Colleague: 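Mind having a look at this structure? Questions to follow.
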Amino acid sequence: MMRWLICLQSSILQIQLNNRNMESIYRLLKAVLIEFFKTNYPESIPADFIFQSTNKEHQGHITLMVFPLAKLVKKSPDDLANALGIYLISSDLIVGQQVINGFLNLQLSPKAFQLLIQDNSDLKIESKDLKKIVLEYCGPNTNKPIHIGHLRNMFLGYAVAAILKEIGHDVHKVNIFNDRGIAICKSMVGYLEYGNQTTPESEGIKGDFFVGKFYVLFSTECSRQAQPFIAQGMKKEEAEAQTAIFQKANDLLIKWENGDIEAIALWNLMNGWFYDGVRKTYARLGIDSEKDYYESQEYKKGKDIVELGYQSGVFHKDETGAIYIDLTDKGLDKKFLQRSNGTSLYITQDMALVKQRFDDYHMDKMIYVVGDEQNYHFKVLKYIMEAMQEPFSKDIYHLSYGLVLGKDGSKFKSREGTPADADMILDAVVEEAKSQTFESGKAEQFSEKELKEIAESVGIGAVKFALLKVTATKNIVFDPKEAVDLNGDTGSFIQYTYVRTKSLLSRWEGELNSQMAAELAAEEEDLIIHLSSFKSCLLRCAEALDPAELALFTLNLAKIYNRFYTQLSVLKEENIEKRNFRVYLTNLTNQALSKSLTILGVTLPEKM
RNA sequence: GACUUGGUAGCUCAGCUGGAUAGAGCAACUGCCUUCUAAGCAGUAGGUCACAGGUUCGAAUCCUGUCCAGGUCACCA
């Protein structure tokens, strides 16, 4: 983890600052403060200064913490604060100062604001030490439609990739289809038993749902057949393995692995339906990948690696013939890599896949976006590659994220076909967005086509934002009903603000000019200060590989702009200087909102 | 049992490397549309930061212990 963070750390942030806003101002003030200490206390020059934004109740923009400094020079905090305040006011960045209980509150000068505007007039980040990064996300199973957990995975992966790209890294997104194994065989048996030659077209069902339907039919029948065994006291999983229908799935799996023509034909047919369906969902969500990997094409190569490791003595064989690696010296257990019957395991194919990826891309970092229930799996994978002395083992990084839980805090179930399906949730939210447009009374302004586009953009944006605003490592309690509510801390609030800026700018015919007005209103100051933290926010998100802070930044920007918009006139302002500058700030906000939402994967409606 | 991640308002979440009276949104209650889009703005109310110790000028934040919850520890994926 740490190694990775250091690699990504940009040259822009060489000075570690204690606050998220206004780095450039702090840097300049620090220089002034150092001068003060050189003159007055040459024996004790502080290594760092702690700044924070001033509390709302007090006057000023930024606050210097004087306690640590007072301790250093052995003076009372208030005395030192007063001396520092007077010294700082002589610089052209500060126009006012006030000491309260050892806190030195400072008021920034117009020049300081002008400086902030200049620093952030473009929102581009230029950084060095760029990396080639491959990021795997999505990873659907082809036996049933994707569910809410996949949504978090896709949105997170997409946004992280976009953030890294924005910083300047060379990012390649890839997908993995888990297209083989017992699960898809269950759907296949379901189809053989109940399919009657139907197709998604004949039934008018989206392909992935069509395949999933037979998975559910299989599961239902399997549970039914398992009842007698459970009645005898057998555990559920054991009992299901005893059923006739499960045996059929197992036989099909063996046939498939042996290259049976009929089995493979059916497998191709059903996977084809699945891909057809899931790719529609990807398109709807704007999820893309540069290269698709398929488990079916990789899993056999894993066996070669196992054999190689066994020959070279890295892996061992137990008395039954199963091959394992001993990780007890890492504080872990033995991990089996190949069954005693010679067939491969989940980890076997990942061993092959990771090597394949490095052969394909020769990248500096491989990021896996996979849920935290697989933390152990990736830890082991990394150790195995290390033991195999693969130089890339250190470049494997598991970007793990928490579960999406239902309202009562329990896990969303999808195995038995409960409504955790991604498409169902999206449809419901889009439908709600549409009815909200009608409720707002604005529906008449829009054509049928526009109405549909707005609902789609707003509804999907709401779900994306709801899942992205929570810190990635934490579990999310997701209530579809709340995502449907488009008021408050939501994506649609931001989209609405964006549309506001856009509408305002479309009425403006003058030039854009960053010339600041002589006097700034508090709302303008807040906006400038907040906008000035955009770049550092992005850098922190890149380091943390987590878009949550960007989501919150964007939300706050929208809030601050809305206050600005309602409290001040822009186009109707009579003072030309003020009007021009407010249009300029509106444009900058528009740019920042547009950039942030695009990174987060939330689309920008033209109107709403 | 071991490892791991969490516990902040009725609910969903912020709170970055310790700083001022712990912040948002939802839900509840008040106001504001003949004025640049009211999917908005302004306001009221709501807290023993799981608990107990410790470190210090100062702790939601750091340390120790306890309790509670999720996840993992397969010849499943």
Side-chain angles (χ1 to χ4, degrees), chain A residues 16-20 48 50 52 54-55 57-58 63 65-68 70-71 77 100-103 105 141 178 181-183 237 295 318 320-324 331-333 335-341 343-347 349-350 371-377 379-380 400 402-403 405 407 409-411 433 436-437 439-442 445 458 462 466 469-471 473-479 482 485-490 492-497 499-505 507-508 540 544 548-549 552 555-556 558-559 562-563 565-573 582-583 586 607-608:
Chain A
Q16 276 293 311
L17 295 154
N18 298 295
N19 196 290
R20 50 182 64 195
D48 210 351
I50 302 170
Q52 64 183 39
T54 305
N55 270 22
E57 300 81 38
H58 298 113
T63 297
M65 310 267 44
V66 185
F67 295 101
K71 203 172 177 183
I100 299 172
N101 300 328
F103 294 86
N105 298 332
N141 300 321
N178 300 301
I182 190 71
E237 282 173 26
E295 188 188 338
D318 75 0
T320 64
I323 296 178
Y324 66 91
L332 304 177
D333 223 331
K335 177 74 182 175
F336 283 89
L337 308 175
Q338 186 172 300
R339 294 194 187 92
S340 48
N341 66 9
T343 57
S344 65
L345 292 157
Y346 179 58
I347 192 129
Q349 59 115 0
D350 254 335
D372 62 8
E373 70 269 21
Q374 293 198 35
N375 284 353
Y376 186 79
H377 173 79
K379 206 170 168 181
V380 168
S400 119
L403 294 168
L405 302 171
K407 203 187 173 186
S410 65
K411 197 170 179 174
Q436 295 239 359
T437 310
E439 271 175 43
S440 73
K442 285 187 269 189
Q445 305 167 23
V458 168
K469 71 174 178 181
V470 178
T471 310
T473 51
K474 281 188 154 187
N475 288 347
I476 294 181
V477 175
F478 182 80
D479 180 2
E482 266 179 41
D485 187 348
L486 304 175
N487 299 313
D489 279 357
T490 60
S492 38
F493 171 77
I494 303 170
Q495 287 172 318
Y496 177 75
T497 310
V499 171
R500 260 187 165 174
T501 62
K502 197 178 162 70
S503 157
L504 195 154
L505 290 167
R507 290 163 198 266
W508 174 250
R540 272 189 304 275
E549 192 187 330
L552 292 172
L555 191 61
N556 284 325
K559 274 184 199 169
N562 277 326
R563 200 176 308 138
Y565 182 91
T566 43
Q567 300 298 319
L568 305 172
S569 302
V570 181
L571 297 177
K572 291 182 179 170
E573 169 60 45
R582 286 174 192 171
V583 172
T586 299
K607 310 174 190 171
M608 66 186 275

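For clarity, every value in this text was computed on a predicted model and none was experimentally measured. Residue numbers begin at 1 in each chain, while the letters A, B, ... track the order of the sequences.
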Colleague: Look at the side chain of A:S503 against the base of B:C36 and say whether a donor-acceptor pair falls under 3.5 Å; ignore hydrogens and angles.
Modeller: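 Absent.
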Colleague: Using the C1' atom as the point on both nucleotides, what is the distance between B:C75 and B:C68, in whole Å?
Modeller: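 Those two atoms are separated by 35 Å.
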Colleague: Describe the nucleic acid contact of A:L571 in one word from base, sugar-phosphate, nothing, applying a heavy-atom distance below 4.0 Å.
Modeller: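 Base contact.
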Colleague: If the P atom of B:G10 is compared with that of B:G47, how far apart are they to the nearest Å?
Modeller: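 Per the computed distance, 7 Å lies between those P atoms.
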Colleague: So, do A:F67 and B:G19 meet the stacking rule of ring centres under 5.5 Å and planes under 30°?
Modeller: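 Aromatic stack with B:G19 present for A:F67.
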Colleague: Got a minute to check which stems RNA chain B is part of, using Watson-Crick or G-U wobble pairs under 3.5 Å, three or more consecutive?
Modeller: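 RNA chain B stems, ordered by first number: B:1-7 with B:67-73, B:10-13 with B:23-26, B:28-32 with B:40-44, B:50-54 with B:62-66.
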Colleague: Under 4.0 Å between any heavy atoms, over every strand shown, what does A:V570 touch: base, sugar-phosphate, or nothing? Just pick one.
Modeller: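 Base contact.
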Colleague: A:I494 has an atom CD1; how far is it from atom C1' of B:U37, in whole Å?
Modeller: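 A:I494 atom CD1 is separated from B:U37 atom C1' by 17 Å.
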Colleague: Indicate whether OP1 or OP2 belonging to B:A39 is found under 4.0 Å from a side-chain N or O atom of A:R500.
Modeller: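 No, because none of the side-chain N or O atoms of A:R500 sits under 4.0 Å from OP1 or OP2 of B:A39.
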Colleague: Are A:S503 and A:R500 close enough that some pair of their side-chain heavy atoms sits under 4.5 Å apart?
Modeller: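 They are not in side-chain contact.
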Colleague: Of the candidate nucleotides B:C75, B:U12, B:A20, which contains the atom at the shortest distance from the side chain of A:D318?
Modeller: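 So the nucleotide nearest the side chain must be B:C75.
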Colleague: Heavy atoms only, 4.0 Å cut-off, all strands: where does A:N101 land among base, sugar-phosphate and nothing?
Modeller: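 Answer is nothing: A:N101 stays at 4.0 Å or more from every strand.
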Colleague: Using atom CD of A:Q338 as one end and atom P of B:A74 as the other, report the distance to the nearest whole Å.
Modeller: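 In whole Å, B:A74 P lies 19 Å from A:Q338 CD.
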Colleague: Between B:A42, B:A39, B:A77, which one does the side chain of A:R339 approach most closely?
Modeller: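 Selected nucleotide (nearest to the side chain): B:A77.
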Colleague: Answer yes or no: does a side-chain N or O of A:K379 lie under 4.0 Å from OP1 or OP2 of B:C3?
Modeller: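 Negative; the distance criterion is not met.
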Colleague: Side chains of A:L568 and A:E573, heavy atoms from C-beta outward: is any pair under 4.5 Å?
Modeller: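 A side-chain contact under 4.5 Å is absent here.
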Colleague: A:R540 has an atom CZ; how far is it from atom P of B:C16, in whole Å?
Modeller: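 Result: 11 Å.
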Colleague: With the side chain counted from C-beta on, respond yes when A:K469 and A:I476 share a heavy-atom pair under 4.5 Å apart, and no when they do not.
Modeller: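 No; the side chains remain at least 4.5 Å from each other.
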Colleague: How far, in whole Å, is B:C16 from B:A22 if one measures between their P atoms?
Modeller: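 My reading of the P atoms in B:A22 and B:C16 gives 16 Å.
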Colleague: So, under a plain 3.5 Å distance rule, would you say the side chain of A:S569 forms a donor-acceptor pair with the base of B:C36?
Modeller: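 Side chain to base: no pair below 3.5 Å.
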Colleague: Taking the same atom, C1', in B:C26 and in B:G46, what whole-Å distance lies between them?
Modeller: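 These two C1' atoms come out 13 Å apart once rounded.
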Colleague: Tell whether A:T566 reaches the base of B:A38 with its side chain through a donor-acceptor pair below 3.5 angstrom.
Modeller: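 No, no donor-acceptor pair under 3.5 Å.
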Colleague: What residues, two or more places apart in sequence or in another chain, satisfy side-chain hydrogen bond (donor to acceptor under 3.5 Å, both in side chains) together with A:N141?
Modeller: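 Testing A:N141 for side-chain hydrogen bond (donor to acceptor under 3.5 Å, both in side chains), a comparison that skips the adjacent residues, returns A:N178.
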Colleague: Side-chain contact test, heavy atoms from C-beta onward, threshold under 4.5 Å: evaluate it for A:K335 versus A:Y324 and give yes or no.
Modeller: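 A side-chain contact is absent here, since even the closest heavy-atom pair is not under 4.5 Å.
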Colleague: Can you tell me if A:N341 uses its side chain to pair, donor with acceptor, with the backbone of A:T343 under 3.5 Å?
Modeller: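 Confirmed, A:N341 side chain pairs with A:T343 backbone.
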Colleague: OP1, OP2 of B:A77 versus side-chain N and O of A:Y346: anything below 4.0 Å?
Modeller: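 Answer is no, no contact under 4.0 Å.
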Colleague: In Å, rounded to the nearest 0.5 Å, how long is the span from CG of A:L571 to CZ of A:R582?
Modeller: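 Answer for the CG-CZ pair, A:L571 versus A:R582, is 11.0 Å.
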Colleague: Give A:Y376 one of three labels, base, sugar-phosphate or nothing, depending on what nucleic acid heavy atoms sit under 4.0 Å from its own.
Modeller: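 Contact class for A:Y376: sugar-phosphate only.
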Colleague: How long is the straight-line distance from CG of A:D350 back to CG of A:L345, given to the nearest 0.5 Å?
Modeller: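 Here the rounded value is 11.5 Å.
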Colleague: Would you classify A:T63 as touching base, sugar-phosphate or nothing, given that sugar-phosphate means primed atoms plus P, OP1 and OP2, and contacts are heavy atoms under 4.0 Å?
Modeller: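 Contact class for A:T63: base.
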Colleague: Can you check each nucleotide of nucleotides 21-29 of chain B against protein heavy atoms at under 4.0 Å and return B for base, S for sugar-phosphate only, - for none, in 5' to 3' order?
Modeller: ---BSS---
Colleague: Can you tell me how far the CH2 atom of A:W508 sits from the OG1 atom of A:T586, to the nearest 0.5 Å?
Modeller: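 Rounded to the nearest 0.5 Å, the CH2-OG1 separation comes to 10.0 Å.
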Colleague: Expressed in angstrom and rounded to an integer, what is the separation of A:M65 atom CE from B:A20 atom C1'?
Modeller: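 Whole-Å distance recorded here is 7 Å.
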Colleague: Between A:N105 and A:E573, who's closer to the 5' end of RNA chain B by nearest nucleotide?
Modeller: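 Upstream on the strand: A:N105.
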Colleague: Specify the separation, in whole Å, of atom CG of A:L568 and atom P of B:U35.
Modeller: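 In whole Å, B:U35 P and A:L568 CG are 18 Å from each other.
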Colleague: Using the side-chain heavy atoms of A:K442, tell me which of these nucleotides is nearest: B:G19, B:C73, B:A39.
Modeller: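 Between B:G19, B:C73, B:A39, the one nearest the side chain of A:K442 would be B:A39.
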Colleague: Using the P atom on both, measure B:U8 against B:C76 and round to a whole Å.
Modeller: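 Those two atoms are separated by 39 Å.
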Colleague: Which one, B:G71, B:A38, B:A77, comes nearest to the side chain of A:D372?
Modeller: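 Minimum distance to the A:D372 side chain belongs to B:G71.
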Colleague: Across the strands shown, which category fits A:I347 at heavy-atom distances under 4.0 angstrom: base, sugar-phosphate, nothing?
Modeller: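 If one applies the 4.0 Å heavy-atom cut-off, A:I347 turns out to touch nothing in the nucleic acid.
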Colleague: Can you check the A:E373 CD to B:U72 P distance for me, whole Å?
Modeller: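 After rounding, the reported distance stands at 7 Å.
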Colleague: So, the side chain of A:R339 versus the backbone of A:S344: is there a donor-acceptor pair under 3.5 Å, distance only?
Modeller: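 Present.
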Colleague: Mind checking the OG1-OH spacing from A:T490 to A:Y496? Nearest 0.5 Å is all I need.
Modeller: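 Here the interatomic distance stands at 12.5 Å.
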Colleague: Could you tell me if the side chain of A:N55 sits less than 4.5 Å from the side chain of A:F103, heavy atoms only?
Modeller: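 They are not in contact (no side-chain heavy atoms under 4.5 Å apart), so the answer is no.
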Colleague: Of A:I476 and A:N375, whose nearest nucleotide on RNA chain B comes first from the 5' end?
Modeller: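 Going by which nucleotide is closer to the 5' end, it is A:N375.
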Colleague: Using a cut-off of 4.0 Å on non-hydrogen atoms, how would the nucleic acid contact of A:L345 be classed: base, sugar-phosphate, or nothing?
Modeller: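 Sugar-phosphate: the residue A:L345, judged by heavy atoms under 4.0 Å, touches backbone atoms but no base.
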Colleague: Can you identify which nucleotide, out of B:A20, B:A77, B:U37, has its nearest atom closest to the A:Y565 side chain?
Modeller: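 Shortest atom-to-atom distance from the side chain points to B:U37.
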Colleague: Take the protein atom CD of A:Q567 and the nucleotide atom C1' of B:G40, then report the distance between them rounded to whole Å.
Modeller: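 Going from CD in A:Q567 over to C1' in B:G40 covers 12 Å.
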Colleague: Separation of A:Q349 atom CD from B:A77 atom P, in whole Å?
Modeller: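 In whole Å, B:A77 P lies 9 Å from A:Q349 CD.
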Colleague: Closest approach to the side chain of A:R507, judged atom by atom: which nucleotide of B:U37, B:A14, B:A20 is it?
Modeller: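 Of the candidates, B:U37 comes closest.
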Colleague: Syn or anti: how is B:C33 classified when any glycosidic angle within 90° of 0 counts as syn?
Modeller: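 With its glycosidic angle within 90° of zero, B:C33 counts as syn.
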Colleague: Determine the contact category for A:K607: base if any of its heavy atoms lies under 4.0 Å from a base atom, sugar-phosphate if only primed atoms, P, OP1 or OP2 are that close, otherwise nothing.
Modeller: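 Base contact - A:K607 has a heavy atom under 4.0 Å of at least one base atom.
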Colleague: Using the P atom as the point on both nucleotides, what is the distance between B:C41 and B:U4, in whole Å?
Modeller: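 It comes out at 43 Å once rounded to the nearest Å.
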Colleague: Can you identify which nucleotide, out of B:U72, B:C57, B:U37, has its nearest atom closest to the A:K71 side chain?
Modeller: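 Of the candidates, B:C57 comes closest.
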Colleague: Side chain of A:N475, heavy atoms from C-beta onward: which of B:G70, B:U72, B:C41 has the nearest atom to it?
Modeller: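 That would be B:G70.
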Colleague: Using a heavy-atom cut-off of 4.0 Å across all strands, would you classify A:F493 as base, sugar-phosphate, or nothing?
Modeller: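 Sugar-phosphate contact only - A:F493 comes under 4.0 Å of backbone atoms but never of a base.
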Colleague: Within the 4.0 Å heavy-atom criterion, would you say A:S440 contacts the bases, only the backbone, or no part of the nucleic acid?
Modeller: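 It contacts sugar-phosphate atoms only.
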Colleague: Under the 3.5 angstrom rule, does the side chain of A:S492 hit a backbone N or O of A:L486 as a donor-acceptor pair?
Modeller: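 Looks like yes, one N/O pair under 3.5 Å.
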Colleague: Can you tell me how the ring of A:Y346 sits relative to the ring of A:H377, calling it parallel under 30°, perpendicular over 60° and tilted otherwise?
Modeller: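 Aromatic pair A:Y346/A:H377 classed tilted.
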Colleague: Which nucleotide sits closest to the side chain of A:L403: B:G71, B:C75, B:A74?
Modeller: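 Of the options given, the side chain of A:L403 lies nearest B:G71.
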Colleague: Could you work out the separation of B:U44 and B:A9 based on their C1' atoms and round it to a whole Å?
Modeller: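 That atom pair is separated by 15 Å.
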Colleague: Using atom C1' in both nucleotides, what's the gap between B:A59 and B:A2 to the nearest angstrom?
Modeller: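 So the two C1' atoms sit 31 Å from each other.
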